Amino acid sequence: MVKATSDEREKIAGLRLELNQHNYRYHVLNDPIIGDSEYDVLFRQLLDLEKKFPELITDDSPTQRVGAEPLDGFVKVAHKQPMLSLENVFSDSELTEFDRRVRQGLAAAKPVQYAVEPKLDGVAVSLVYEWGKLTRAVTRGDGRIGEEVTGGARTIKTVPLALFGSGHPELVEIRGEIFFPIKEFNAFNERAMAEGEKTFANPRNAAAGSLRQLDPKITAKRALQFYFHSLGEWVGGGKPESHSCLTALLKEWRVPVCPAGAAVSGLDGCLAYYKDLDNKREKLPYEIDGVVYKVDNFLEREKLGFVARAPRWATAHKFPAREVTTTVEAIDIQVGRTGALTPVARLFPVNVGGVMVTNATLHNFQELARKEVRVGDWVMVRRAGDVIPEVVRVVMEKRPENTEKFLVPTSCPVCGSPVVWPKGEVVARCGDSLACPAQRLGAIRHFVGRRAMDIDGLGDKLVASLIEHGFVKSVADLFGLEAKKAQLLDMERMGEKSVDNLLASIAASRSRDMSRFLFALGIREVGETTARNLARHFKSWKRLEEADQEALQGAADVGSVVADSLLDFFKQPHNREVIAQLQQIEGSNWWQVEESGSVGLRPLEGVTVVLTGTLEQMTRQQAKARLESLGAKVSGSVSKRTGLVVAGDKAGSKLKKAEELGVEVLDEASFIAKYPL
Ligand code: IVH
């Protein structure tokens with residue numbers, strides 16, 4: 001066995017520190033200072049060194065988050081201190097009563113200090129740290145005994161495997177909520193639905209189901225998060241005197257603390273916080289169902305004690321229900337980009353948690369059948385954060401007579417083609433991807449989207465109208481619109497200027513790179529990251545197109561499902577035809593990845609350019625598109641980072657500032673001469 005030199009040991013320790021630091025910046029602060037690939041390089045270096053010197057692997061190394069072997073069953077573990085539940089209040093007057101009891105219990109003459117936080121809708125866990133090292137994670141269970149989920153909790157990137165800094169006690173139970181952020185929850189469900197796998201009814205169930213996995217590798221794939229909310233046992237000195245002191249300390253140790261938490265004074269402070277949070281609720285990236293008020297000071301908490309299994313020093317104040325009943329007026333079917341048919345309940349309009357809801361998804365026909373929804377039924381509708389409203393269940397007691405079972409259509413409601421429903425899949429699809437206008441519409445909308453080809457000025461309505469007029473049937477036709485300018489001008493609401501802008505935006509999209517293009521094609525299973533990985537790996541369209549199953553799986557994160565989907569895509573004659581047409585488009589930058597360093601046809605790659613003043617020969621939009629096709633980033637204000645200012649007539653303060661800062665300035669004519677398209 002080779003022994004590590006002290007240099008190598010130091011290198012390992014240094015890499016761990018550095019990786020933890022980047023992890024924290026990325027996942028907790030949302031402020032990374034290096035790119036993903038640089039992170040990967042460091043991670044790989046550490047992995048290689050640990051492979052060479054396995055005796056140096058420590059439990060808290062960043063490489064060890066997903067290491068644990070699958071379990072045969074969950075082990076029961078007793079909490080050192082019970083995990084309590086909370087009493088609820090549902091109105092301002094009940095809260096007033098709570099505060100009165102607290103003041104009475106403390107014989108307080110002044111307003112009580114409260115720590116206030118959102119009540120997160122997730123699963124409670126207790127993280128046990130011994131001498132600063134994470135030794136155990138246990139679910140709440142019945143409050144006294146929970147189940148050990150250490151392997152799963154370790155995969156949550158914001159949960160420190162070892163506390164940062166110093167002053168860690170001998171043992172501390174750090175409790176908090178594990179939750180599924182709404183965006184990730186939606187993405188998870190969409191994906192699960194597309195793959196015909198089980199979806200979760202809400203982020204809370206998703207969090208619970210993801211954490212309670214015998215195989216931590218499954219948990220690792222779910223984007224779970226953790227926020228501290230309460231303290232269990234603390235052994236050893238240095239225990240803070242209040243919740244707010246504790247949160248400050250935990251932040252130093254890099255334990256995630258909910259940023260929406262605060263300290264307030266008295267009942268008025270609590271009420272103001274509740275109102276404020278209720279207003280912000282829609283915008284929060286996670287689901288909450290109320291506010292938790294806790295007496296801040298730990299000695300005061302001791303004085304107040306408990307009733308049954310809930311403390312007298314804390315209470316939860318619930319937000320109004322987000323589940324409301326209404327009636328189903330109709331059940332429509334939407335056809336998506338991939339032909340998936342989604343049943344949607346049209347509802348009698350109803351206010352759910354402050355928002356009028358008229359439609360609710362029924363997800364798919366299997367779900368519809370399981371819930372037995374019929375036109376005329378009373379249904380419970382639920383809305384959660386940004387999640388699309390959904391029908392939770394039918395209120396069977398209120399089902400009117402003469403309702404009829406919903407029949408799954410045998411033909412596509414948009415184009416009339418037969419519906420295909422592969423065995424074992426939950427999703428039924430329109431069988432004709434070529435002719436179905438709904439699928440075309442979806443495919444083109446996806447292609448022009450901001451994260452795809454980013455074609456400005458091509459909104460949903462215009463795409464629909466272009467299809468209706470027969471101007472575009474596939475994405476390739478967009479690039480032939482130039483020749484149809486006269487006809488475009490005949491369309492409603494299409495003036496000379498908007499047509500020019502549209503054509504310029506389409507032309508500019510030729511400069512998008514291969515990964516965006518690949519994503520834009522809307523190949524099933526190929527999201528943004530996969531597209532990027534494929535582009536990076538194959539570097540040219542030709543190599544990608546010629547790759548077989550095995551070769552495809554050589555790209556990062558590409559498994560057999562993605563590979564099959566790509567092979568299927570390339571096999572379809574229609575897709576081949578569209579690609580062949582796209583390959584004829586002059587000046588398109590979609591077919592290979594330029595080696596880094598070479599700027600090729602994009603002389604302004606990465607340069608921030610500011611446009612100012614009145615331009616004569618181009619509209620603003622055209623100038624912007626032109627700059628972007630040269631690789632530039634167009635910005636609205638001049639700063640140190642500006643690389644070039646293109647100044648038209650009557651340029652004012654921006655030109656002045658550019659001159660002051662010594663930024664290169666070109667007038668319109670020189671710009672066109674220097675950077676011809
Ligand atoms: S404090 C003794 N703070 O709500 C009280 N709990 O109904 C300790 N919860 O099981 C809990 N967000 O998992 C507290 N900001 C928050 C919370 C919170 C969610 C959960 C917690 C507990 C349940 C009690």
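Whatever order the structure lists them in is the order used to number ligands and atoms, beginning at 1. The first residue in the sequence is number 1, and the count goes up from there. Everything quoted here is computed from the prediction, not taken from an experiment.
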Go ahead and list the nitrogen or oxygen contacts between ligand 1 and the protein that come in under 3.5 Å, distances to 0.1 Å, or just say none.
residue	atom	partner	partner atom	Å
ligand 1	3 (N)	K294	NZ	2.9
ligand 1	4 (O)	K119	NZ	3.4
ligand 1	12 (N)	L120	N	3.0
ligand 1	13 (O)	E177	OE1	2.5
ligand 1	13 (O)	H229	NE2	3.4
ligand 1	15 (N)	E117	OE1	2.8
ligand 1	15 (N)	P118	O	3.0

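The 12-atom threshold is exceeded at CZ of R399, counting heavy atoms of other residues, nucleotides or ligands nearer than 6.0 Å.
Between R101 and E87, no side-chain nitrogen of the basic residue sits less than 4.0 Å from a carboxylate oxygen of the acidic one, so the salt-bridge criterion is not met.
By the side chain to side chain donor-acceptor pair (under 3.5 Å) test, E233 pairs with Q81, sequence neighbours left out. Taking H317 as the reference, Y274, Y293 meet the ring-ring contact (aromatic ring centres under 6.0 Å, His included) condition, with sequence neighbours excluded. Partners of E97 by side chain to side chain donor-acceptor pair (under 3.5 Å), not counting sequence neighbours, listed by chain and number: R100.
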For this session: Would you sort out whether H243 and F228 count as a ring pair (Phe, Tyr, Trp, His ring centres under 6.0 Å), showing the intermediate values?
Result: CA-CA 11 Å; H243 188 86; F228 154 80; 5.4 Å; yes

